[in-house]
Amino acid sequence: MDTTADAPQSARSRRSTRPDPAKVWAPLAGLADAAAQSGTSGAVAITRGFDRNSRLRAKALRDLLEERNVAAIEITPAVGSERLLADTEITSVVNLIGPGSWAPHRLAAKLRTPLLAPRAEESSEQDEVARDVIGVTGAEGVRDVALSHVAVRPESDGEGSLIVTADGEPLSVPGGAAAITLREQRLEIQLAGPDFAEQTFTATEVRVETADAPHRLVRDELPIAEFEGALTFTAEPRGLVVRPV
């Protein structure tokens with residue numbers, strides 16, 4: 001019996017029964033459409049977690065974007081994952097991690113691109129929500145973002161000093177710390193130290209330089225790194241745009 005045609009026919013059958021990626025999770029088709037509308041010249045950054053569901057959804061979204069001729073790059077909360085986006089134009093960021101994680105929001109604000117997120121059931125969210133953020137720039141010109149607040153604190157209480165400059169006026173804070181938050185599209189800066197009367201003022205930009213001892217940079221309640229040198233903090237009105245889909 002001649003069975004030479006059976007293998008190709010079987011392969012075609014397996015391909016035809018491959019699951020529709022849109023059926024993996026209901027919001028994926030809408031997210032793919034919204035991402036495609038953001039542009040096809042660059043790539044979409046898909047932020048996902050490490051669990052099986054998140055991996056499956058990211059794979060299905062990549063397939064849907066491929067059908068729309070849109071490139072995609074998967075990003076996780078792992079340290080260094082953002083390097084995968086180097087030298088790539090990102091047209092949008094998709095949040096598949098969930099509403100409990102702020103990592104996708106920070107990434108979208110850092111890249112100055114919209115964040116697409118699944119719309120919660122029975123949600124009253126607007127089609128687009130813009131939020132102010134804090135730009136953080138180092139001496140080398142590398143820019144990062146904080147969503148709500150940052151702080152610079154000495155590693156050991158009372159050691160070192162800060163030189164805080166706003167509107168061209170430097171202010172020395174021996175052994176002190178600086179806390180910076182957002183208020184009405186401006187920065188609110190709080191300075192305090194063991195021998196320094198607490199001060200609070202607002203500015204659109206402030207430079208904080210450390211001296212004489214290591215300090216710690218804290219972003220959105222997360223200690224980032226030991227910090228020595230200078231950072232410039234800038235209020236960025238509407239620096240994060242979130243589009244529920």
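Below, all heavy atoms of this structure are taken into account, side chains as well, without hydrogens, waters or symmetry copies.
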Atom CH2 of Trp102 and atom CG of Asp220: how far apart are they, to the nearest 0.5 Å?
9.0 Å
What closest approach, in Å, do Pro174 and Pro194 show between heavy atoms, and which atom pair accounts for it?
O-CD, 3.7 Å
Derivation of the side chain to side chain contact (heavy atoms under 4.5 Å, CB included) call for Leu84 and Ile75:
CA-CA 8 Å; Leu84 297 172; Ile75 300 298; 4.0 Å; yes
Compare every heavy atom of Arg48 with every heavy atom of Ala58, then report the nearest pair and how far apart it is.
CB-CD, 3.6 Å
Let me see the working for Glu159 and His215 under side-chain hydrogen bond (donor to acceptor under 3.5 Å, both in side chains), right down to the final yes or no.
CA-CA 9 Å; Glu159 293 189 358; His215 286 67; over 6 Å; no
Working for side chain to side chain contact (heavy atoms under 4.5 Å, CB included), residues Asn95 and His105
CA-CA 8 Å; Asn95 181 7; His105 296 73; 4.1 Å; yes
Is Arg55 salt-bridged to Asp51, cutoff N-O under 4.0 Å?
no
Could you tell me whether Asp144 and Arg106 make a salt bridge, using a distance below 4.0 angstrom between a side-chain N and a carboxylate O?
yes
Glu226 and Pro214: which non-hydrogen atoms are nearest, and at how many Å?
CD-CB, 3.8 Å
Counting only heavy atoms not in Arg238, do more than 12 sit closer than 6.0 Å to its CZ atom?
no
Can you hop from Val164 to Ile134 via hydrophobic side chains spaced under 4.5 Å?
yes
Evaluate whether atom CG of Asp195 has more than 12 neighbouring non-hydrogen atoms of other residues, nucleotides or ligands under 6.0 angstrom away.
no
Flag side-chain contact, heavy atom, 4.5 Å: Arg119 against Pro27:
no
Test item: Ile46 and Ile73 side chains (from C-beta on) under 4.5 Å apart, heavy atoms
no
May I ask you to test the Arg219-His149 pair for a side-chain heavy-atom distance under 4.5 Å?
no
Report the C-alpha separation of Leu61 and Val94 in whole Å, then their side-chain angles, then the decisive distance to 0.1 Å, and conclude whether the side chain to side chain contact (heavy atoms under 4.5 Å, CB included) test is met.
CA-CA 10 Å; Leu61 181 56; Val94 178; 3.7 Å; yes
Identify each donor-acceptor pair in which a side-chain atom of residues 198-207 lies under 3.5 Å from a protein atom, sequence neighbours left out, and give them as a table.
residue: Thr202; atom: OG1; partner: Arg186; partner atom: NE; Å: 3.4
residue: Glu205; atom: OE1; partner: Thr234; partner atom: OG1; Å: 3.4
residue: Arg207; atom: NH1; partner: Glu209; partner atom: OE1; Å: 3.0

Side chains of Glu82 and Leu107: does their closest heavy-atom pair fall under 4.5 Å?
yes
Would one find more than 12 heavy atoms of other residues, nucleotides or ligands at under 6.0 Å from atom CZ of Arg153?
no
Could you tell me whether the side chain of Pro77 reaches within less than 4.5 Å of the side chain of Ile97, counting heavy atoms only?
yes
Determine whether more than 12 heavy atoms belonging to other residues, nucleotides or ligands lie under 6.0 Å from atom CZ of Arg183.
no
Within 6.0 Å of CD in Glu155, more than 12 heavy atoms from elsewhere:
yes
State plainly whether one hydrophobic cluster holds both Leu240 and Leu187, where clusters connect Ile, Leu, Val, Met, Phe, Trp and Tyr through side-chain heavy atoms under 4.5 angstrom apart.
no
CG on Leu231 to OG1 on Thr137, rounded to 0.5 Å:
8.5 Å
Which value, rounded to the nearest 0.5 Å, describes the distance between Arg216 atom CZ and Ile224 atom CD1?
9.5 Å
Please find the pair of heavy atoms, one from Ala192 and one from Val173, that lie closest to each other, and give the distance.
O-CG1, 3.8 Å
Find the distance between CZ (Arg57) and CG (Leu28) and round it off to the nearest 0.5 Å.
7.5 Å
Cluster link Ile189 to Leu217, ILVMFWY, side chain under 4.5 Å:
yes
To the nearest 0.5 Å, what is the distance between CG on Leu65 and OG on Ser92?
8.0 Å
Going only through I, L, V, M, F, W and Y residues with side-chain contacts under 4.5 Å, is there a path from Leu111 to Leu116?
no
Measuring from Ser148:OG to Ile180:CD1, what's the distance to the nearest 0.5 Å?
12.0 Å
Do Leu96 and Leu31 have side chains that approach each other closer than 4.5 Å (heavy atoms only, starting at C-beta)?
yes
Specify the closest pair of heavy atoms between Thr76 and Ser81, including all atoms of both residues, with the distance to one decimal.
N-OG, 3.0 Å
Before giving the answer on side chain to side chain contact (heavy atoms under 4.5 Å, CB included), spell out for Val241 and Val129 the whole-Å C-alpha distance, their side-chain angles and the decisive distance to 0.1 Å.
CA-CA 6 Å; Val241 174; Val129 178; over 6 Å; no
Side chains of Ser38 and Arg243 in contact at under 4.5 Å (non-hydrogen atoms):
yes
For Thr91, is there any backbone N or O sitting under 3.5 Å from a side-chain donor or acceptor partner on Thr113?
yes
Is any side-chain heavy atom of Trp25 closer than 4.5 Å to a side-chain heavy atom of Pro118?
yes
Considering all heavy atoms of both residues, which atom of Thr88 and which atom of Ala43 are nearest to each other, and what is their separation?
CG2-CB, 3.9 Å
Honestly curious: do Leu115 and Ile90 fall in one hydrophobic cluster under the side-chain, below-4.5 Å linking rule?
yes
Salt bridge or not between Arg131 and Glu236? Use side-chain N to carboxylate O under 4.0 Å.
no
